[in-house]
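Right, one structure below, let's go through it.
Note that the coordinates shown come from a computational prediction; the quantities given were computed from them, not determined experimentally.
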Amino acid sequence: ILNVEQSPQSLHVQEGDSTNFTCSFPSSNFYALHWYRWETAKSPEALFVMTLNGDEKKKGRISATLNTKEGYSYLYIKGSQPEDSATYLCAFTHRDTGNQFYFGTGTSLTVIP
Amino acid sequence: DSGVTQTPKHLITATGQRVTLRCSPRSGDLSVYWYQQSLDQGLQFLIQYYNGEERAKGNILERFSAQQFPDLHSELNLSSLELGDSALYFCASSVGGVWSTDTQYFGPGTRLTVL
C-alpha cells in the first residue's frame, strides 16, 4: 500500500485569507497526481491532474504546483471564501498500477465568514 | 452533476445478507472504478473495469465481486455482509483505461449500513 499523506488534517481560516496545504507521495515511479474538492453530502469534484515535474495549474483562485523529485504537491487558495469550505483530497498514481488512485486522507478547510 | 449515477442512494440491510450496488458511467466513458470509504479510512480503491473487462484490483474482499455489462453500467455485489462493511461506496468513471491519466468523475455514492 502506497503512503499518501496530506497536511494539515484540518484548517480554519478567516474569509479573505490565503491558504495552502500539502500532499506528500512516494517520489519514485510517479505517474500522475490528481486534486479533488469534496463538499459534505456531495461527490468528489476534480480540480486538477498534474503529470510533469514543475507543473503549475490554476482554476480561478485555486492553484497547484507539483514537485515529483521530492514527492510533494501544494494546493493554494487565494482570498478564501465560505464556499471554499470542503475537504481537499489528493490522489497519487504509480507507474506500475496506472490510473489506480491512492488517495490521501484529505485536508478539511473551513472558511469563517 | 458529474454525469455518473449510482443507485440506490442508501441501503440498510442485516449481517449475512447480499446486496447489489449499481453504477452508470458518464456517456462515452469506458472505465468504471469502485471505491470504499469506511468511517476511519480514506477512499480505498476496490476494482476497475474497462469496456467490460476487469483491469485492476485493489483491496477488494473475496466476498465482493463486480462486473461491467455491455452497456457499460457496472454492478458491485457484496455478500455475507458484516458490520464492518458499512461504508460509503463510490463509483467513478473515466474515458481511458489503466494506462491513462484521465480524470475520474465520481458518482454521488451509496451509503450502506449493515445492522
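Contact count versus chain A (heavy atoms, under 4.5 Å) is highest, among B:Val4, B:Thr103, B:Leu88, for B:Thr103. In terms of non-hydrogen atom pairs under 4.5 Å with chain B, the most contact-rich of A:Gly98, A:Ala46, A:Gly106 is A:Gly98. Note: A:Thr97 leads A:Thr97, A:Thr105, A:Thr93 in heavy-atom pairs under 4.5 Å with chain B. Comparing B:Gly42, B:Pro108, B:Ser2, B:Ser100 by how many heavy-atom pairs each has under 4.5 Å with chain A, the most go to B:Ser100. Ranked by heavy-atom pairs under 4.5 Å with chain A, the list B:Gln6, B:Gln48, B:Arg55, B:Gln37 is led by B:Gln37.
Taking the six-membered ring for Trp and thresholds of 30 and 60 degrees, B:Phe106 and B:Phe90 have ring planes more than 60 degrees apart, a perpendicular arrangement. Note on ring orientation: taking the six-membered ring where Trp is involved, the planes of A:Phe30 and A:Phe92 are tilted (angle from 30° to 60°). B:Trp99 and A:Tyr31 have perpendicular rings, their planes meeting at more than 60° on a 0 to 90° scale where under 30° would count as parallel. Ring geometry for A:Phe101 versus A:Phe103: interplanar angle over 60°, hence perpendicular rather than tilted (30 to 60°).
If you measure heavy-atom distances from A:Trp38 to chain B, the contacts under 4.5 Å come from the side chain alone. For chain A, the nearby parts of B:Gln104 are the backbone and the side chain; heavy atoms of each come within less than 4.5 Å. Heavy-atom distances place no part of A:Phe48 under 4.5 Å from chain B, backbone and side chain included. Proximity to chain A is absent for every atom of B:Lys9, based on heavy atoms less than 4.5 angstrom apart. Contacts between B:Ser94 and chain A at a heavy-atom distance below 4.5 Å involve the side chain alone, from C-beta outward.
Checking A:Leu11, A:Val13, A:Asp84 one by one against A:Ile77, the side-chain contact (heavy atoms from CB on, under 4.5 Å) holds for a single residue, A:Asp84.
Summarising the local packing, CD of B:Glu62 is surrounded by 12 or fewer heavy atoms from other residues, nucleotides or ligands at distances under 6.0 Å.
Using a 4.0 Å cut-off between a side-chain N of Lys or Arg and a carboxylate O of Asp or Glu, A:Glu39 and A:Arg37 qualify as a salt bridge.
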